[in-house]
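Presented below is the structure to which this report refers.
Bear in mind that the values here come from a model prediction, so they are computed numbers and not experimental data. Side chains are part of it too, since the values below use all heavy atoms of this structure and drop only hydrogens, waters and symmetry mates.
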Amino acid sequence: MNILLIGGAGFIGSVLQRVLRSSGAHVTVLDIKPAPEGVTSDYVQADIRDFSAIAPHFESRDLIINLAAEHRDDVRPISLYDEVNVDGARNICRATSQAGVKWQIFTSSVAVYGESSEPLNEDSRIAYFNDYGRTKFLAEGVYCEWLDEEADHRLHIVRPTVVFGPGNRGNVYNLLRQIKYGPFLMVGDGTNVKAIAHVDNVAGFLAYVASDRVSPGIYNYSDGPDLSINQIVELTQAALGRNIKGPGLRLPLLVGLALGKLADLAAGMLNRSLPISAVRIRKFCSSSEIDATRMLGTGYTPPRDIREGLTEMVRVHV
């Protein structure tokens, strides 16, 4: 199996490339980042916004996997979401067709669903509330257009929830760090549920899909059980050996959102990103229950337990 792994130097990609290679696949990483020190082969530094730079590297591939994306909450200019996530997808699909490659795996996101108090499956209503979710859904449309080009094209779209693990500095890491070192201020009542996933499990599922044991289609990815913010706080305190129940100080949701909007105004005036924003407050206080029944029906068994993974993060990696 000859695989081109786009975004393979990122958080999930770095784990996935190791899993794929351990299974015997030949993997070439294409990433906007420079090659890591000591890597001299099977690595291409290129920007997916530049078709001429990426197209030559699609030749003679059996599978194209795309993990590349602009995903942070503070991306500036905002046009980068469209340029990378949507226009980049067009370049990838165009290069795939030009090279005659018939199979692609695209990593989208549960952000396409937006907020919901009900478990979300692959047929749930699309209701994104930020540019990341919007452009991920538009990118899915680009891939579906590619799928319809030829009868023998195959496409898997995987929609992971929030992913955490060693080496990540995202939302889960920041939450655990605030609880561990303080100050931590709960916004809302903490009963909202968060679907999360360990990076080893997500990478394992993508490798499982790449092993050609999964029917083409769309798959949510989430590790159960989904935990409330209050439960994550309690798990973190227990992992640290603290006999503390509850988060302590709480801030009403409306007050938190107001502070987030003020932070956005300040960030605009200062022309810099701040750790607080209206989008981050909204995401923190929203529920994200993900129905991963379809994924579990493929026969894949995640290698990591979610509670054990969180405990390890708190004790070792935060």
- Test log, rule side-chain contact (heavy atoms from CB on, under 4.5 Å), inputs R294 and D123: CA-CA 11 Å; R294 185 178 296 178; D123 299 318; 3.8 Å; yes
Testing the 3.5 Å rule here: is there a donor-acceptor pair between the side chains of [X] and [Y]?
{"X": "Y113", "Y": "R159", "value": "yes"}
{"X": "D50", "Y": "S52", "value": "yes"}
{"X": "N201", "Y": "R304", "value": "no"}
{"X": "T28", "Y": "R61", "value": "yes"}
{"X": "N66", "Y": "Y143", "value": "yes"}
{"X": "D42", "Y": "H26", "value": "yes"}
{"X": "R94", "Y": "Q98", "value": "no"}
{"X": "N230", "Y": "S228", "value": "no"}

Heavy-atom check, side chain of [X] versus side chain of [Y], under 4.5 Å:
{"X": "I179", "Y": "L240", "answer": "no"}
{"X": "I126", "Y": "Y128", "answer": "yes"}
{"X": "E83", "Y": "L80", "answer": "yes"}
{"X": "W103", "Y": "D212", "answer": "yes"}
{"X": "N192", "Y": "S286", "answer": "no"}
{"X": "L63", "Y": "I105", "answer": "yes"}
{"X": "R134", "Y": "L138", "answer": "yes"}
{"X": "M186", "Y": "I229", "answer": "yes"}

- Message: Using side-chain contact (heavy atoms from CB on, under 4.5 Å), reason through F184 and V233 one step at a time and then give a plain yes or no.
- Response: CA-CA 10 Å; F184 173 67; V233 171; 3.9 Å; yes
- Task: Could you pull out all residues at least two apart from N174 that satisfy side chain to side chain contact (heavy atoms under 4.5 Å, CB included)?
- Result: none
- Mind checking what makes side chain to side chain contact (heavy atoms under 4.5 Å, CB included) contact with S97, not counting sequence neighbours? W146, E149, H153
Might you confirm whether atom [atom1] of [X] has over 12 heavy atoms from other residues, nucleotides or ligands at distances under 6.0 Å?
{"X": "N271", "atom1": "CG", "answer": "no"}
{"X": "R213", "atom1": "CZ", "answer": "yes"}
{"X": "R169", "atom1": "CZ", "answer": "yes"}
{"X": "R307", "atom1": "CZ", "answer": "no"}

Nearest 0.5 angstrom please: [X] [atom1] to [Y] [atom2], how far?
{"X": "M295", "Y": "N121", "atom1": "CE", "atom2": "CG", "value": "13.5 Å"}
{"X": "K194", "Y": "S222", "atom1": "NZ", "atom2": "OG", "value": "12.0 Å"}
{"X": "I6", "Y": "H57", "atom1": "CD1", "atom2": "NE2", "value": "10.5 Å"}
{"X": "N85", "Y": "R49", "atom1": "CG", "atom2": "CZ", "value": "10.5 Å"}
{"X": "H71", "Y": "S109", "atom1": "NE2", "atom2": "OG", "value": "10.5 Å"}
{"X": "L251", "Y": "L259", "atom1": "CG", "atom2": "CG", "value": "6.0 Å"}

Using modelled atom types and a 3.5 Å cut-off, is there a donor and acceptor pairing between side-chain atoms of [X] and backbone atoms of [Y]?
{"X": "Y208", "Y": "T298", "answer": "yes"}
{"X": "S288", "Y": "A195", "answer": "yes"}
{"X": "E122", "Y": "N220", "answer": "yes"}
{"X": "D62", "Y": "N2", "answer": "yes"}

Which heavy atom of [X] sits nearest a heavy atom of [Y], and at what distance?
{"X": "M313", "Y": "Y173", "answer": "CE-CD1, 4.2 Å"}
{"X": "Y43", "Y": "P34", "answer": "OH-O, 3.3 Å"}
{"X": "G10", "Y": "D31", "answer": "N-OD2, 3.8 Å"}
{"X": "D200", "Y": "Y300", "answer": "O-OH, 4.1 Å"}
{"X": "S108", "Y": "V112", "answer": "OG-CG1, 3.9 Å"}
{"X": "G13", "Y": "L5", "answer": "O-CD2, 3.8 Å"}

- Task: Report the C-alpha distance between V318 and Y181 in whole Å, list the side-chain angles of each, state the deciding distance to 0.1 Å, and finish with yes or no for side-chain contact (heavy atoms from CB on, under 4.5 Å).
- Result: CA-CA 9 Å; V318 171; Y181 298 109; 4.2 Å; yes
- Query: Of all residues at least two apart in sequence or in a different chain, which pass the side-chain hydrogen bond (donor to acceptor under 3.5 Å, both in side chains) check with S287?
  - Reply: none
Indicate if [X] and [Y] have the same hydrophobic cluster label, given that clusters are the connected sets of ILVMFWY residues with side-chain heavy-atom separations under 4.5 angstrom.
{"X": "I32", "Y": "V44", "answer": "no"}
{"X": "M1", "Y": "L206", "answer": "yes"}
{"X": "V142", "Y": "I157", "answer": "no"}
{"X": "V162", "Y": "F164", "answer": "yes"}
{"X": "L175", "Y": "V314", "answer": "yes"}

- Item | Residue of the set L16, L67, N168 for which side chain to side chain contact (heavy atoms under 4.5 Å, CB included) holds with F11 | N168
- Only one of D305, V172, V15, D223 forms a side chain to side chain contact (heavy atoms under 4.5 Å, CB included) with H198, so which one is it? D223
- Task: Inspect the contact between R90 and E145 and indicate whether a charged nitrogen and a carboxylate oxygen are less than 4.0 angstrom apart.
- Result: no
- Flag the pair K136 and D131 as a salt bridge only when some basic side-chain nitrogen lies within less than 4.0 angstrom of an acidic carboxylate oxygen. no
- I would like to know whether Y81 and N130 meet side-chain contact (heavy atoms from CB on, under 4.5 Å); could you show each step before the answer? CA-CA 10 Å; Y81 287 111; N130 59 12; over 6 Å; no
- Give a yes or no on whether the ring-centroid distance for H156 and F106 is below 6.0 angstrom. no
